[in-house]
Trainee: 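Let me give you the structure first, and then I'll get to my questions.
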Amino acid sequence: MKMSEMGITVKKSENFSEWYTQVVLKSGLADYAPIKGCMIFREHSYAIWEKIQEIFNKKIKEKGHKNVYFPMFIPESFLKKEAEHFEGFVPEVAWVTTGGNSKLEERLAVRPTSETIMYVTYAKWIRSWRDLPIKLNQWCNIVRWETSATRLFLRTREFLWQEGHTAHATEEEADTEVMEILNIYRDLMENYLAIPVLAGKKTEKEKFAGALYTTALEALMPDGKVLQMGTSHNLGQNFAKVFDIKFIGEDEEEHYVWQTSWGISTRMIGGLVMVHGDDKGLVLPPKITPVQAVIIPIPYKNVDTESIMRKANEIFEKLQKNGISVVLDDRAEYTPGWKFNEWELKGVPIRIEIGPRDVKEKQVTLARRDTSERLVVKEEKTVDTVTKLLEEIQNTLFNKAKKFLEDHTTTVKTFDEFKEALKKKGGFIRACWCSSPTCEEKIKEETGATIRLLPFEKEKLFSNCVCCGGEGKEVVYFGRAY
RNA sequence: GGGGCUGUCGGCUAGCUUGGUCUAGGCUUGGAGACUCGGGCUCUCUAGACCCCGGUUCAAAUCCGGGCAGCCCCA
C-alpha cells in the first residue's frame with residue numbers, strides 16, 4: 001500500500017476533524033461498531049484506559065475508596081425521585097421495556113449515571129455516624145442516547161467511565177472530598193496525560209443535574225474548542241432527602257448525609273489524541289502509553305544478523321528490567337521503514353534502532369516521537385538515556401500544550417472583542433460577568449460559547465459585564481465546548 | 001439543531017453523469033514462495049467486493065423510494 005493511503009492523509013492543521021477520525025481509526029485505537037453512535041475500544045485504547053485505571057485506582061485506594069459494581073438497570077421510579085436529576089437526564093435515557101416476551105411492568109433505564117440506583121442502597125446501609133463515610137467507586141459503561149452528531153471517544157452513546165459516590169456526615173467533609181478528587185483528576189491529566197487544565201466551578205445552568213454545585217476541569221483542544229475532562233460534584237443533601245439517607249449522629253440526632261459524586265471517562269482519550277497527535281499520527285505521553293519504547297533491528301544481507309538480534313534482545317531485557325515498557329519488533333516480514341511508520345502512527349515515544357553500524361560501534365540509535373530527533377548513544381548508556389528521554393518527552397508535551405493554552409486564553413472587555421477573539425482564536429475567553437443567567441444565555445445564543453468555569457479564587461475585576469454592560473460581579477472563562 | 005455528501009474485495013479506490021461492454025478494473029493487504037531491509041523495496045502464484053429492503057426496466061453497481069451506517073461543514 002502506498003504510504004499516502006496507510007498513514008494519515010490529511011494535515012492536522014488543514015482539516016482537524018478528518019485528521020482526528022483518521023488518527024483514531026488508523027492508529028488502531030478504535031473502530032466503529034455497527035450500531036449508530038457506538039464504538040469499539042480496540043486493544044490500543046483499552047490499554048491506555050487500563051493505564052488510567054491503574055493510576056487512578058492507586059490514588060483513590062490510598063485515600064480509602066473501594067471499588068464496587070452496581071447494576072446497569074435503573075427502575076424508572078428511582079430515576080424520578082430527584083426531579084432535577086430526572087429532568088436533566090431523561091432526554092437521553094435508553095429504556096428497557098420488554099424482557100423476553102413480556103412487557104415490563106416498570107421500564108428500566110440503562111444507567112446514564114448511577115446516583116439513584118446506588119443511593120437507594122446507601123439508605124439501607126447507613127444507620128449510624130459510624131457507617132460514614134462511605135467511599136465507593138465503580139468502573140463501568142454508561143449509556144446516553146445522543147441525538148446530535150456522535151464522535152469517536154468524544155460523544156458516543158455508550159462509553160466507559162469511573163464514577164465515585166461518597167456519603168459524609170458533614171458538609172465540610174463533602175466539600176473536602178470534592179476538592180481532593182478534583183486534585184487527583186488534575187494530577188492525572190496534567191502529570192500523566194500531559195494535558196493542562198483549568199479548574200473551577202460550574203454555573204447553576206451548567207452544573208450536574210441534582211447537584212448543589214459542580215467543579216470541573218477543562219482542557220483546550222488545538223481547534224480552539226474546550227473539552228470537559230472531568231467533574232466532581234457536591235450533591236449536598238438533595239439526594240439524601242429524596243432517598244432518605246439518614247444517620248444517627250454522635251449527638252444522638254438524626255441527620256441527612258452529605259454526598260459527592262465524580263467521574264472521568266474514555267472521552268479523555270479523545271483529548272489525548274487531539275492535544276498531542278501530529279501529521280504522522282498519535283503521540284503518546286510516556287507515562288500513559290502502553291509501550292514506551294520499541295526496538296527495531298535493522299538486519300542486512302551479508303552481515304551478521306545474529307549478532308544484531310542478540311544485541312536487540314540484550315537491550316530489550318535490560319530496559320524491561322529497569323521498568324521500561326518495551327517491545328522488540330522482530331517481525332521478519334516487514335521492513336524497518338514499514339515498522340517506523342507503524343509505531344509512529346501508534347504514538348510510541350521512543351524508537352531504538354539497532355543495525356550493523358550500531359553493533360560495530362557498540363551503540364544504539366534513538367529517535368524520539370515528539371520531535372523526530374535522532375541521537376546515537378553508547379550501548380551501556382541506553383537505559384539511562386531512555387529513562388531521561390522519557391521524562392523529557394513527558395515534559396515537552398506538557399509544556400507545549402500549556403503554552404498553547406496560555407496563548408489561547410484571551411482577556412476581553414467588550415462583547416465585540418469577545419466575538420472577535422472567539423472567532424479568530426477560539427480558546428478560553430476571560431471576561432467579567434454580571435452573574436445573571438440572562439447574559440449567560442444570551443452569550444450562548446449569539447456566540448455558541450458557554451461559561452466553562454468560575455475560577456475558585458475570584459480574580460480581580462477589570463470591566464463591566466461583557467454582555468449587558470452592567471456591573472461586573474466576577475471574572476469567568478468562556479469557551480465553545482465539545 | 002441546520003446544510004452538504006458518502007457507502008463497491010480486509011483497506012484505499014475506478015466504474016454511476018448517458019442502465020447493456022461488469023463474468024466489476026487498479027493499488028494495497030491476507031495466504032504460498034523468492035528477494036530485500038538505516039523511512040511503507042521488488043517479483044511470481046493465489047484469495048477476495050457492488051450496505052440492506054423495495055420499485056422502475058427486457059436489463060440495475062449505475063435510476064427512484066425507504067432503511068441502516070458513516071463523514072464533512074456551519075450553529
Side-chain angles (χ1 to χ4, degrees), chain A residues 1-12 14-28 30-40 42 91-92 146-158 223-226 279-281 294-309 311-312 329-346 348 351-361 363-369 372-376 419 422-423 426 441-450 478-482:
Chain A
M1 193 175 301
K2 277 180 202 138
M3 191 168 147
S4 61
E5 285 159 3
M6 228 169 137
I8 308 302
T9 60
V10 54
K11 286 201 157 74
K12 189 180 183 184
E14 281 168 10
N15 188 337
F16 187 69
S17 268
E18 196 174 330
W19 169 87
Y20 175 79
T21 307
Q22 282 196 18
V23 172
V24 168
L25 294 175
K26 293 185 176 178
S27 67
D31 205 346
Y32 293 105
I35 302 122
K36 183 176 169 53
C38 292
M39 64 177 286
I40 295 155
R42 300 186 62 180
E92 32 187 63
E146 298 287 350
T147 48
S148 59
T150 54
R151 238 64 250 279
L152 293 165
F153 292 112
L154 303 173
R155 185 177 293 121
T156 48
R157 286 183 171 173
E158 182 190 24
D223 61 351
K225 282 165 86 176
V226 176
D279 292 343
K280 289 180 184 170
V294 59
I295 300 172
I296 298 177
I298 320 280
Y300 267 91
K301 203 189 170 184
N302 302 327
V303 300
D304 186 3
T305 306
E306 208 176 296
S307 67
I308 291 172
M309 288 314 296
K311 179 157 156 180
D329 188 353
D330 57 2
R331 292 175 296 178
E333 61 272 31
Y334 295 106
T335 61
W338 199 94
K339 294 177 186 175
F340 292 175
N341 284 290
E342 191 187 37
W343 290 106
E344 277 168 357
L345 194 53
K346 286 185 172 294
V348 173
R351 177 178 72 235
I352 303 168
E353 302 168 22
I354 299 171
R357 215 153 59 211
D358 302 299
V359 172
K360 195 171 151 220
E361 305 290 336
Q363 65 185 30
V364 298
T365 303
L366 304 179
R368 48 191 283 190
R369 176 66 183 86
S372 302
E373 250 176 288
R374 265 165 126 141
L375 65 154
V376 174
K419 289 180 193 159
L422 195 67
K423 199 172 163 192
E441 184 59 36
K442 190 179 168 208
I443 292 171
K444 185 181 179 182
E445 264 171 34
E446 284 191 29
T447 68
T450 48
F478 290 87
R480 277 207 189 109
Y482 260 92

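Numbered from 1 within each chain, the chains take letters A, B, ... in sequence-line order. When reading the values below, keep in mind they use all heavy atoms of this one structure, side chains included, and skip hydrogens, waters and symmetry mates.
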Trainee: To the nearest 0.5 Å, what is the distance between CD1 on A:Ile354 and CD1 on A:Ile308?
Mentor: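 It is 9.0 Å, given to the nearest 0.5 Å.
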Trainee: May I ask you to evaluate whether A:Asn15 reaches the phosphate of B:C71, defined as a side-chain N or O under 4.0 Å from OP1 or OP2?
Mentor: no
Trainee: With sugar-phosphate meaning primed atoms plus P, OP1 and OP2, does A:Arg480 contact a base, only sugar-phosphate, or nothing at under 4.0 Å between heavy atoms?
Mentor: nothing
Trainee: Would you classify A:Glu18 as touching base, sugar-phosphate or nothing, given that sugar-phosphate means primed atoms plus P, OP1 and OP2, and contacts are heavy atoms under 4.0 Å?
Mentor: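 Touches sugar-phosphate only.
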Trainee: For B:C74 and B:G38, measure between their P atoms and round to the nearest Å.
Mentor: 42 Å
Trainee: Between protein and nucleotides 1-8 of chain B, what N or O pairs are separated by less than 3.5 Å?
Mentor:
from: B:G1; atom 1: OP2; to: A:Thr147; atom 2: OG1; distance (Å): 3.2

Trainee: Using modelled atom types only, decide if a donor and an acceptor are shared between the side chain of A:Asn341 and the backbone of A:Trp338 within a distance under 3.5 Å.
Mentor: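 No, because the side chain of A:Asn341 does not come within donor-acceptor range (under 3.5 Å) of the backbone of A:Trp338.
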Trainee: Only pairs with both distances under 3.5 Å count, Watson-Crick or wobble alike; so what is the partner of B:G38 in this structure?
Mentor: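 Base-paired to nothing in any strand shown.
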Trainee: Name the pairing partner of B:A61, where a pair is Watson-Crick or G-U wobble with both distances under 3.5 Å, or state none.
Mentor: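 No nucleotide pairs with B:A61.
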Trainee: Without decimals, in angstroms, what is the distance between A:Met309 CE and B:C37 C1'?
Mentor: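 Atom-to-atom, A:Met309 to B:C37, this comes out as 13 Å.
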Trainee: Starting from the 5' end of RNA chain B, give me the residue, A:Thr447 or A:Leu152, whose nearest nucleotide shows up first.
Mentor: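 Closer to the 5' end of RNA chain B: A:Leu152.
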Trainee: Would you find a donor on one side and an acceptor on the other, under 3.5 Å apart, between the side chain of A:Lys423 and the backbone of A:Thr447?
Mentor: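 No, because the side chain of A:Lys423 does not come within donor-acceptor range (under 3.5 Å) of the backbone of A:Thr447.
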Trainee: Between the protein and nucleotides 65-69 of chain B, which nitrogen or oxygen pairs come in under 3.5 angstrom?
Mentor:
from: B:A69; atom 1: OP1; to: A:Lys36; atom 2: N; distance (Å): 3.1

Trainee: Of the non-hydrogen atoms in A:Met39 and A:Ala30, which two are nearest, and what is the gap between them?
Mentor: CE-CB, 3.4 Å
Trainee: Nearest to the side chain of A:Asn341, heavy atoms from C-beta on, is which of B:G38, B:G39, B:C72?
Mentor: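 Side chain of A:Asn341 sits closest to B:G39.
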Trainee: Could you check which nucleotide pairs with B:C68 in any of the strands shown, counting Watson-Crick or G-U wobble with both distances under 3.5 Å?
Mentor: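 The answer is B:G7, by the H-bond criterion.
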Trainee: Can you tell me the distance, in whole Å, between the NZ atom of A:Lys26 and the C1' atom of B:C12?
Mentor: 8 Å
Trainee: Provide the closest heavy-atom pair for A:Arg151 versus A:Thr21 in the form atom of the first, atom of the second, distance.
Mentor: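 Closest approach of A:Arg151 to A:Thr21: NH2-OG1, 3.2 Å.
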Trainee: Contact between A:Arg351 and A:Lys339 at the side-chain level, heavy atoms closer than 4.5 Å - yes or no?
Mentor: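 When only atoms from C-beta onward are counted, A:Lys339 and A:Arg351 do not touch, as no gap falls below 4.5 Å.
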Trainee: Could you tell me how far apart A:Arg369 (CZ) and B:G39 (P) are, to the nearest whole angstrom?
Mentor: 17 Å
Trainee: Pick the nucleotide of RNA chain B nearest each of A:Gly355 and A:Gly448; which residue has the one closer to the 5' end?
Mentor: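 Nearer the 5' end of the strand: A:Gly355.
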Trainee: Roughly how far apart are A:Asp279 CG and A:Thr9 OG1, rounded to 0.5 Å?
Mentor: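 Atom-to-atom, A:Asp279:CG and A:Thr9:OG1 are 10.5 Å apart.
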Trainee: Have A:Tyr482 and A:Asp223 got a donor and an acceptor in their side chains that come within less than 3.5 Å?
Mentor: yes
Trainee: Just to be sure I understand the rule, does A:Pro356 reach a base, reach only the sugar-phosphate, or reach nothing, if contact means heavy atoms closer than 4.0 Å?
Mentor: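 Base: the residue A:Pro356, judged by heavy atoms under 4.0 Å, touches a nucleobase.
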Trainee: Within the side chain of A:Arg369, is there an N or O that forms a donor-acceptor pair under 3.5 Å with the backbone of A:Glu344?
Mentor: yes
Trainee: Sort out the partner of B:C50 for me: Watson-Crick or G-U wobble, both distances under 3.5 Å, none otherwise.
Mentor: none
Trainee: Identify which nucleotide among B:G40, B:C37, B:G39 has an atom closest to any side-chain atom of A:Trp338, counting heavy atoms from C-beta outward.
Mentor: B:G40
Trainee: Would you tell me if any nitrogen or oxygen in the side chain of A:Arg151 comes within less than 4.0 Å of OP1 or OP2 on B:C72?
Mentor: yes
Trainee: What pair of heavy atoms forms the shortest contact from A:Gly28 to A:Lys346, and how long is it?
Mentor: CA-NZ, 4.3 Å
Trainee: Think A:Thr21 has a side-chain N or O under 4.0 angstrom from the OP1 or OP2 of B:G70?
Mentor: no
Trainee: Does the base of B:G39 carry an N or O that pairs as donor and acceptor with the side chain of A:Glu344 under 3.5 Å?
Mentor: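 Yes, the side chain and the base share a sub-3.5 Å donor-acceptor pair.
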Trainee: Between B:G38, B:C41, B:C72, spot the one nearest the side chain of A:Arg357, thanks.
Mentor: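 The listed nucleotide nearest to A:Arg357's side chain is B:G38.
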Trainee: Report the base-pairing partner of B:U44 (Watson-Crick or G-U wobble, both distances below 3.5 angstrom), or none.
Mentor: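 B:A32 - that is the nucleotide pairing with B:U44, both distances being under 3.5 Å.
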